Amino acid sequence: MTKNELLKGSYLTDLQKLDGNTLRDFVDPQHKASQQELKTLLAIVKNRNLNPFTKEVYFIKYGSAPAQIVVSKEAIMKRAEENPNFDGFEAGIVIETKEGAIERLTGTIAPKSAKLRGGWCKVYRKDRSHAIEADANFEYYDKTNPKNVTPWEKMPALMIRKVAIVSAFREAFSESVGGLYTADEIRQETQAEMRKRRMREAERELLLTEMETKSRRKEYKEDSDEKQKQKEAEAVKFLETPVKEENLEW
């Protein structure tokens, strides 16, 4: 291996040596992302020491939609656990019983008659007198897809518990993982929602076009009316002006 090849691959062990072109070729080989989106990703990679090559951070780009930068749950937990003040955590799910009572359970196993309502997590720090807690509402994060068996459909309790854990860790260790989100936390548009959004955008563009056309017609009409009034005023002025008698020569 040549010296240049060694230098080129040094970013695998030292992310501070990673350059924008290498990052683009790995996360955006079709070059669909903007320079600003890639600069943001590169800044997050270097500032938070998140390795895209080991799946610690993901770059998601669909068509012309804004890019999403998400991290893995394991990367968030790893950085929190590296903090000397980390002192463990508890997590589980929130259920609604047949009688309508809301209960917290540790883990993900619940009675068959219970309704899954969310997830919860409690994180402990050695330098805090009280634990940091977080809840995650299942109704907001539910991403079941009738066409495909997704993790949210196959194991919803586990998924919502993961969301609660990440949320609590982010709040407890904001100095390490603040501002970082996992893919499970970012709500993706369904096909139906995307069609509705595009329909609304098309209707909005059509409305703006119609308003602009009406505005131009109004301006044209007002301009024409003003010119007509000026012509009429000039005609009246001409008719009312006395005719001067002049000596005519034959």
Side-chain angles (χ1 to χ4, degrees), residues 40-41 43-45 47-52 54-60 66 68-145 149-190 193:
T40 300
L41 174 62
I44 290 175
V45 166
N47 293 340
R48 299 301 183 91
N49 198 36
L50 290 166
N51 196 328
T54 57
K55 307 301 183 182
E56 287 188 330
V57 60
Y58 297 86
F59 185 77
I60 304 171
Q68 293 180 341
I69 300 172
V70 297
V71 299
S72 68
K73 164 179 166 282
E74 289 71 24
I76 289 179
M77 294 185 69
K78 178 183 176 182
R79 273 147 188 77
E81 290 167 355
E82 289 172 350
N83 192 304
N85 289 311
F86 178 72
D87 199 26
F89 75 100
E90 297 177 82
I93 57 175
V94 180
I95 64 167
E96 182 178 347
T97 66
K98 192 175 181 180
E99 293 73 29
I102 300 296
E103 295 181 3
R104 280 188 173 191
L105 302 180
T106 301
T108 59
I109 300 175
K112 290 183 178 180
S113 60
K115 179 181 180 181
L116 181 64
R117 294 297 301 273
W120 67 272
C121 181
K122 185 182 293 187
V123 178
Y124 299 93
R125 286 184 59 134
K126 296 175 183 178
D127 59 346
R128 304 281 177 86
S129 59
H130 299 284
I132 294 88
E133 298 184 52
D135 290 323
N137 191 323
F138 183 70
E139 290 184 0
Y140 178 77
Y141 291 101
D142 182 16
K143 301 177 184 179
T144 55
N145 187 331
V149 179
T150 67
W152 282 91
E153 187 176 13
K154 191 174 181 180
M155 41 190 177
L158 178 64
M159 298 303 292
I160 197 63
R161 178 178 176 271
K162 285 172 59 178
V163 171
I165 290 174
V166 171
S167 180
F169 269 70
R170 185 170 50 246
E171 187 172 344
F173 296 96
S174 58
E175 69 272 28
S176 304
V177 295
L180 301 179
Y181 293 85
T182 66
D184 296 323
E185 295 178 281
I186 298 177
R187 189 174 185 276
Q188 302 289 342
E189 281 187 320
T190 64
E193 289 172 334

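Predicted model, so just to flag it, every value in this text is computed and none were measured. Note that these values count all heavy atoms, side chains included, but never hydrogens, waters or copies made by symmetry.
When all heavy atoms are compared, the tightest approach of Ala168 to Ile132 is O-CG2, 4.0 Å. The shortest heavy-atom contact between Leu50 and Ala75 is CD2-CB, 4.1 Å. Residues Ser72 and Thr182 approach most closely at C-CG2, 4.0 Å, considering heavy atoms. Considering all non-hydrogen atoms of both residues, Thr40 and Ile69 come closest at CG2-CD1, 3.9 Å. Shortest non-hydrogen contact noted between Glu90 and Trp120 is O-CZ3, 3.7 Å. The shortest non-hydrogen separation linking Ala110 to Ile95 is CB-CG2, 3.9 Å.
A distance of 11.0 Å separates CD1 of Ile76 from NZ of Lys162, quoted to the nearest 0.5 Å. Between the NZ atom of Lys122 and the OG1 atom of Thr106 there is a distance of 9.0 Å, given to the nearest 0.5 Å. Considering CZ of Arg170 and SG of Cys121, their distance stands at 11.5 Å, rounded to 0.5 Å. Considering CZ of Arg161 and CG of Leu105, their distance stands at 12.0 Å, rounded to 0.5 Å. Taken from CD1 in Ile160 to OG1 in Thr108, the straight-line distance is 12.5 Å, to the nearest 0.5 Å. One distance of note links CG of Leu116 with CD of Glu139; it measures 10.0 Å at 0.5 Å rounding.
Within the 4.5 Å cutoff, side-chain heavy atoms of Ile102 are placed close to those of Glu96. A 4.5 Å side-chain heavy-atom check between Phe59 and Pro52 finds every atom pair outside the cut-off.
For the residue pair Gln68 and Tyr58, no side-chain donor N or O sits within less than 3.5 Å of a side-chain acceptor on the partner.
Relative ring orientation between Phe169 and Phe89 is described as perpendicular, the plane-to-plane angle rising above 60° on a 0-90° scale split at 30° and 60°.
Using a distance-only test at 3.5 Å, with no hydrogens or angles considered, no donor-acceptor pair links the side chain of Arg104 to the main chain of Gly92.
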Evaluation steps, side-chain contact (heavy atoms from CB on, under 4.5 Å), between Leu41 and Val57: CA-CA 9 Å; Leu41 174 62; Val57 60; 4.1 Å; yes

Test side-chain contact (heavy atoms from CB on, under 4.5 Å) applied to Phe173 and Glu81, step by step: CA-CA 9 Å; Phe173 296 96; Glu81 290 167 355; over 6 Å; no

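Between Arg79 and Glu56 there is a salt bridge, since at least one side-chain N of the basic residue sits less than 4.0 Å from a carboxylate O of the acidic one. Salt bridge Arg117/Asp135: absent, no basic N to carboxylate O contact under 4.0 Å.
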